[in-house]
Amino acid sequence: MTLVQISLATGFALIFLGLYGALSNRNILRMIVSFTIASTGVNLVLVAVGYLPGREAPILDTIPVASAAERITDPVPQALVLTAIVIGLGVTALMLAYAYRLFRARGSLDISDFTELKW
Amino acid sequence: MTTRMAIPLVLVALLGTVFFALFSSYTPDASLNLTASYYADQTVPETGAQNIVTAIIVTYRGLDTLGEVTVLFLTAAIVGLVLSQSKAPSAHAGAGGLPSGELLQTGARMLVPVILLFGAYVFINGHLTPGGGFQGGAIVASAMLLMLLADPAERFSHGLISKIESSAGLTYVILGLLGLLFAGGFLDNKILPLGTFGSIFSAGAIPLIYVLVGLKVGAEFSSILTSLEETEDAE
Amino acid sequence: MIGLTILGAVLALASLSAAVLALLARSTLVAVLAAGLVSLFASVMFLLLAAPDVAMTEAAIGSGLTTFLFIFVMGRIRREGTQ
Amino acid sequence: MVNPLLILAAGLGAAFLLGLLRETSERAAFHTTVGALAVMAFVALSWTVALASGQTDPVEMLTAGAKPPFAINLRTGIAEAALTSVVTLTGLLSAFFMRRDLLRLGRRAMAVLLVLIMALSGLIMTRDLFNMFVFLELIVIATAGLVLLSKDTRALAAGFKYLVVSQVISILLLIGIIFTYHANGSLNIDDISEVPMGANGASLAMFLVLIALILELKPFPANGWALDIYESAHPGFSAIFSAASGSAALFAVYKVLAMAGPDWALLAAGIGIVTFVGANLLALAQTHDRRLLGYSSVGQIGLILLVIGFADRLGDSFLYIAGGLLVSHAIAKAGLFWLSGMVKARDLSDWAALRENPVLVVLFAVFIAMLTGLPPFPAFYAKWSFVHVLATDGAYSLMAVFLIAALIEATVLFRWFGMALKRSSGHSLHISLTGEAIALIAAALAIAVSWVWGNLSGQENLITLVPLLFALLFLPLDILPARIKNVLAIAGLVFWFAVTKNGLDPLRYVFLIIMVLGGAILLLASFHATGRRMGFYTPALLMFAGMGLLVTSETSFQFFAAWEFLTVGSYFLILRGQDSEPHALSYITFSLGGAFALLAGFAIAANGAPTFPIENLSEVPSRIAPYVFVLLAAGFLTKTAVMGLHIWLPGAHAEAETDVSPMVSGILLKAGLFGLFVLLMEMGRQELFGVDLTIVLVWLGALSAFIGAVLSAFQEDAKRLLAYSSISQMGYAVFGLALMNHLGWLLALMFAINHFVYKSMLFLAVGGVKERTHTKLMYKMGGLITLMPFTFVSVLVGIIAMSGVPPLSGFGGRWIFYNAIMSTDLRLPMILIFMAGPVGFLYLFRLIHTIFLGQLKDELRLTKEAPFWILLPQMLFVGFLLSFAILPGMILRRVDSYIGTLFGDTPLVWTGKIVDSQYGTWNPVAIWGVIATVFVVVFILLIWMNHNAQKVKQFNIVFSAERPFKPQTTHFAWNFFAPYRKAMGFLETPVATSFWSGVSNMLHGTADFTRKLYTGNGQTYAVQLLFFVIAVYLIAMGGLS
């Protein structure tokens, strides 16, 4: 296994674990924790997909501009991941605020207690 | 194992097969693809930034970043809304029972300015070195966090935070529109001269935008943190 | 190259075990901290993958701020739960 | 023209600006918000107008001074501009609607609203895959924020469920995006579409992107979370969620599908149709108004997804069809959500409160009609075109599924409308002038887009049709007294008759007389009504407009549009009756079902053309002709209420108002007959599986005639009796038509005219009796002959005419009828139809006997003669019947020679007023002479025989000591035909009724069972979502490999 494959596999495994945790844990906070694990996995997958084995970070302080195309790794996924991380934090914060309010409303953090809306 | 646990497992495992198909058919590229090699070659002449990721984030995919900043803005606003709607019972303050003592308070008073400075350094140098507005903003927010931890009773001025956040955001949008008017399009960084490659005042509007992003993100993180921490509502 | 791969494998193992811990831990606090750890290990992996920007962000935001958000909310909930 | 990017910049800038305002100045913040939304809407609209009128070309907006795919680019073409207009306008109007709650929550909520509208516009315009993800996340977060506007505490849980589901979706989307990027080296949508789909990995990536975006459309059954939001959110926000978010997400799917290539289109179409069917089915079991609207939204979006799946096939008309459906959905759904904000309680029947404000009722009707796809709204044109495309492709089963689901949807919506009009609500209306104004603006927009779609249709622009406008004119005129409106209405009908009568062939001319002039005559009875009679004239004139247009229509499109007009108009009219709610619903359900059969028939017959002249029905290729015939005949037979499809008729006709019953019975039924005339004239005999379809019609006609008569005889309710009699009479007419010969057609036409005259007369007479006695039950009447002599005369003349005994015109019908059936060799139906005659005597006898003869009831002793205006048309009809009896040649002769030109024979020989046929001679004048003589002789004889008979006082009766269990059982009219019932009662077994209620129960049962899927648990919803993804994946992989 190469580094890329390891990272990719780790990423997918984290998504797998995170999703499973989010779908099987009734506790709302634990669901949110699981989702953060899954999104870490997603980020890992994103970066790994853009990685070119043996290449350097896309910062041209030591790399001459002329040879940049041969030496740096793909910067695009990195840019995307940056965005994804920040968005992930936003969503997590929002879910946490919701969790708090739900707890205030019912005194419970069990997702199966919030089912008045149905059918 | 109950069915409640088993069904998600089966489903996630099935989804795993989809992922496995993706994984097994994946081969890393040997050379940069079209888009990436354009960035490798053109970032410097077009934007004057050393850090290509920064150039992409601030310029080429600037709209994403504007959206990203807006995500935080939204989150801060909504978290504020969610929590302001419920008047929490007044209780003794404290960050979830984390210790706060004399040592921490003194330490915080000394550390906060340093951390703030470091944060500013990170976002100002975003176009040269790793880091930038988001990382710098997060560092700035951690100074805020430290203050919260040290003295949980301390009130931050929501007004100030939201003023910083809003004016940074507004300036960002205006800079974007200036690009539309004076340069090649919305959020074009060439509204300012590109300057000398590798120096602080280079890369056109990138440092300026990253400073704005840093301020804004710092303010937003701080606002989220303080809303979540405060036991009584400021409003 | 081999060194990188081995380091990567170690980090992968570490972050996966942290993730499993986060799922299995009885205490939510432990779960939150374990999730933060996953994020931290991931950020080192980003460094290996030549993504220092991402690594910084993940460390600061993913493992730092996120964990604090959790702890703050849990604190609020615990305070109110005991009343 | 300003750069459309300003839409994004204005939204964001204003959102940030709000933070700089002083904390206390919430009003200023609101004005800023509204101002920004207005700017955004203005920019979007100006681009829409400019692009639509061809003043500008679509514009590419580059960012960052670099070309795509290296920098994000956006595009504004006509679709984008129109959709951003929908989004921004919905946002603007909803902002006004939510004003109070926005002010309550403060500027943070306003900022969230601004960002939501901005992000929706961005999602529409962007051409970058990852940028789409960013906008989607913004939408998710803003949605979760705005859900909190609701005062309903359950909204909190709904918002959280939504976030959970969104997390799963964004994981799928991100993975899909990165692998797409890896495969294509680009994130630009146009770039990716140019490269054909790569290896398995790439197609999988595409699948993930596609399914993630489709999940944003809330496909059935992975959509419980969305329904919870619809149910609990602020109605102003739900309007945005349904109209704006739905539109934007649809467009995102469209962009990605274009990128994914045609292989995936089928998948999208499949998900679309499943969603459309599933959502509408589940809506059947819904009683909560907003949840119902949620189901309807999901269904509509599914339908548009289906159309998107056909985008390649539709070519140029794609935007027209999808846009028509989308804009109808958006306006109607937003309007309904806004209305729901003014209704205080959440049960469907609580919408009865709307009746406090007639304007709101009209708006409700407009939105329902728009959603159902009735003319003249855009969805009508869209459905027409779409069904035609499906037919051209030979996708018949899809077409059937689509039409059945559309019918269920219409049933759900009209059931709701019926409740609003007929039930009572314990809550008053939450009147809000702003809300009303906003809903009115939505209705005005509805009319504007209808005009646009009509103009683009390449067909007649329905909204400019004079009869329709005339009918709509009565909406504002409704403040006038009823009598003035009645004068106007009659004048309008006479005028319309005068201007359209020229150039029609005799057959159409006869129908025009019945439908338009007949309507004018029947409206005379409406002078009886006092006060304003709000809401009567628009539906009535809509119905007459439909009929007038039907007779003069030349193309299949005009015919179908007219058909829908008359159906809807008559529905509203029938709904006015006191206890008519369930009957009106079954009427509209059957009528629309019939209409959809017509649509399908026309679409198949069109063979690829958008429409065709009606007379080209004769040129339909023989391969498809029998199917076209069956579909069209089914549509028309529904209207004539043939046995089996008749169960809507008795209730609808019996429960309608006094002057409405004759309209819907005497006139409206003729529309079906007219259709059959046209159909048989153009298509003639058709064979399907070796069966001559006209023989099937002969049988259906005979059975209807016979069973209708038997059922009629057993009724206790006088109006129901007449209603069943109509089924029987229409059976005769169908029978005659299906004989496919000269005499048969003449018979059918005679029945059309006669049935109009005597059924209108009888319904008016019985209606007059009901006005005075306040009952329709015959055993409660009796002996009214002295109190209501004129009514008695009209009933007497009516039943003489109807039973076909000499001397009245019914005999002429009979005479032709006997001639006609002698000319056929179908023995069994002939016997049936013969037997229907005597059974007809039974119920007619009962009508006159139990109402007018026998003993007068004590409580009816003060009964007066029916009102003048109800009597007047009856007397006109009496006069007509008498003269028509003497001079049948007036009309018949012309028609006879016309039919002769169709069949090329002249079985009747007219000499003066005497008619000869192969089987005999009919001399009406001589018959009159004979009858008059006999009558006078018998009359004198009777007087002479009874000159010394004893007069008995009416109540000179000695009762026995028994006290009857049920008072009515002592009346002779109760269970009048008990002995016959013993013999023929088995015919009363409600076979058709049980069949149809079985269908209905099965659907409701399925709906009730299936919706248990939505447990309300957010985690379960996420599991269902994954399940959906996996299922679609397995299906797709199976399909693609």
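Here is the naming used below: chain letters follow the sequence lines, and residue numbers restart at 1 for every chain. Note: hydrogens, waters and symmetry copies are ignored here, and every other heavy atom, side chains too, is used.
Of the two parts of A:Leu80, only the side chain, counted from C-beta on, holds a non-hydrogen atom closer than 4.5 Å to a non-hydrogen atom of chain B. With a threshold of 4.5 angstrom between heavy atoms, A:Arg71 does not approach chain B through any atom at all. Only the side chain of B:Val44 comes within less than 4.5 Å of a heavy atom in chain A; its backbone stays farther off. Contacts between B:Tyr39 and chain A at a heavy-atom distance below 4.5 Å involve the side chain alone, from C-beta outward. For B:Phe221, the part sitting under 4.5 Å from any heavy atom of chain A is the side chain, from C-beta outward, and nothing else. Of the atoms belonging to A:Glu70, not a single heavy atom falls under 4.5 Å from chain B. At a 4.5 Å heavy-atom cutoff, the contact between A:Val49 and chain B is made by backbone and side-chain atoms alike. B:Ala76 does not touch chain A: none of its heavy atoms, backbone or side chain, sits under 4.5 Å away. Contacts of B:Gln135 with chain A are made by side-chain atoms alone, with heavy-atom separations under 4.5 Å and no backbone atom involved. Contacts of B:Val71 with chain A are made by side-chain atoms alone, with heavy-atom separations under 4.5 Å and no backbone atom involved. Looking at B:Ser31, both its backbone and its side chain come within 4.5 Å of chain A, counting heavy atoms on both sides. Proximity to chain B is limited to the backbone of A:Ala48, based on heavy atoms less than 4.5 angstrom apart. For B:Leu128, the part lying near chain A is the backbone, with the side chain staying farther off; criterion is any non-hydrogen pair under 4.5 Å. Looking at A:Thr2, there are no atoms closer than 4.5 Å to chain B (heavy atoms on both sides), in backbone or side chain.
The shortest side-chain heavy-atom distance between B:Pro130 and A:Ile59 falls under the 4.5 Å cut-off. Put simply, the side chain of B:Leu15 reaches to within 4.5 Å of the side chain of A:Leu19, judged on heavy atoms. In this structure the side chain of B:Ile52 never reaches within 4.5 angstrom of the side chain of A:Gln78, judged on heavy atoms. A heavy-atom distance below 4.5 Å is found between the side chains of B:Ile56 and A:Val76.
Nearest approach of B:Ala40 to A:Ala69, heavy atoms of both residues: CB-CA, 3.7 Å. Across all their heavy atoms, B:Val82 and A:Tyr98 have their closest contact at CG1-N, 4.5 Å.
Rounded to the nearest 0.5 angstrom, A:Leu82 CG and B:Phe134 CZ are separated by 7.5 Å. To the nearest 0.5 Å, atom CG of residue B:Leu32 and atom CG of residue A:Asp74 are 6.0 Å apart. Rounding to the nearest 0.5 Å gives a distance of 7.0 Å between CG of A:Leu60 and OG1 of B:Thr43. Considering OG of A:Ser67 and CG of B:Asp41, their distance stands at 10.5 Å, rounded to 0.5 Å. Remark: A:Tyr51 OH to B:Asp29 CG distance equals 13.5 Å, nearest 0.5 Å.
Interface summary for chain A: among B:Gly67, B:Pro28, B:Gly16, the most heavy-atom pairs under 4.5 angstrom belong to B:Pro28. Interface remark: of the candidates A:Leu8, A:Leu96, A:Thr83, A:Thr83 forms the most heavy-atom pairs closer than 4.5 Å to chain B. Comparing A:Ala66, A:Ala79, A:Ala105, A:Gly50 by how many heavy-atom pairs each has under 4.5 Å with chain B, the most go to A:Ala79. Ranked by non-hydrogen atom pairs under 4.5 Å with chain B, the options A:Gly11, A:Ala84, A:Pro58 are led by A:Pro58.
Heavy atoms of other residues, nucleotides or ligands lying less than 6.0 angstrom from CZ of B:Phe118 number 12 at most.
Of all residues spanning residues 85-95 of chain A, those with a heavy atom less than 4.5 Å away from chain B's heavy atoms are A:Val86, A:Ile87, A:Leu89, A:Gly90, A:Ala93, A:Leu94, arranged by number.
Side chain of A:Tyr100 to main chain of B:Leu83: no donor-acceptor pair is present (N/O by atom type, distance under 3.5 Å, no hydrogens or angles).
By the 30° and 60° cut-offs, the orientation of the rings of B:Phe23 relative to A:Phe12 is perpendicular.
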Exercise. Do B:Val12 and A:Leu23 pass the side-chain contact (heavy atoms from CB on, under 4.5 Å) test, and can you show the C-alpha distance, the side-chain angles, and the key distance before you say yes or no?
Worked result: CA-CA 9 Å; B:Val12 175; A:Leu23 296 186; 4.2 Å; yes

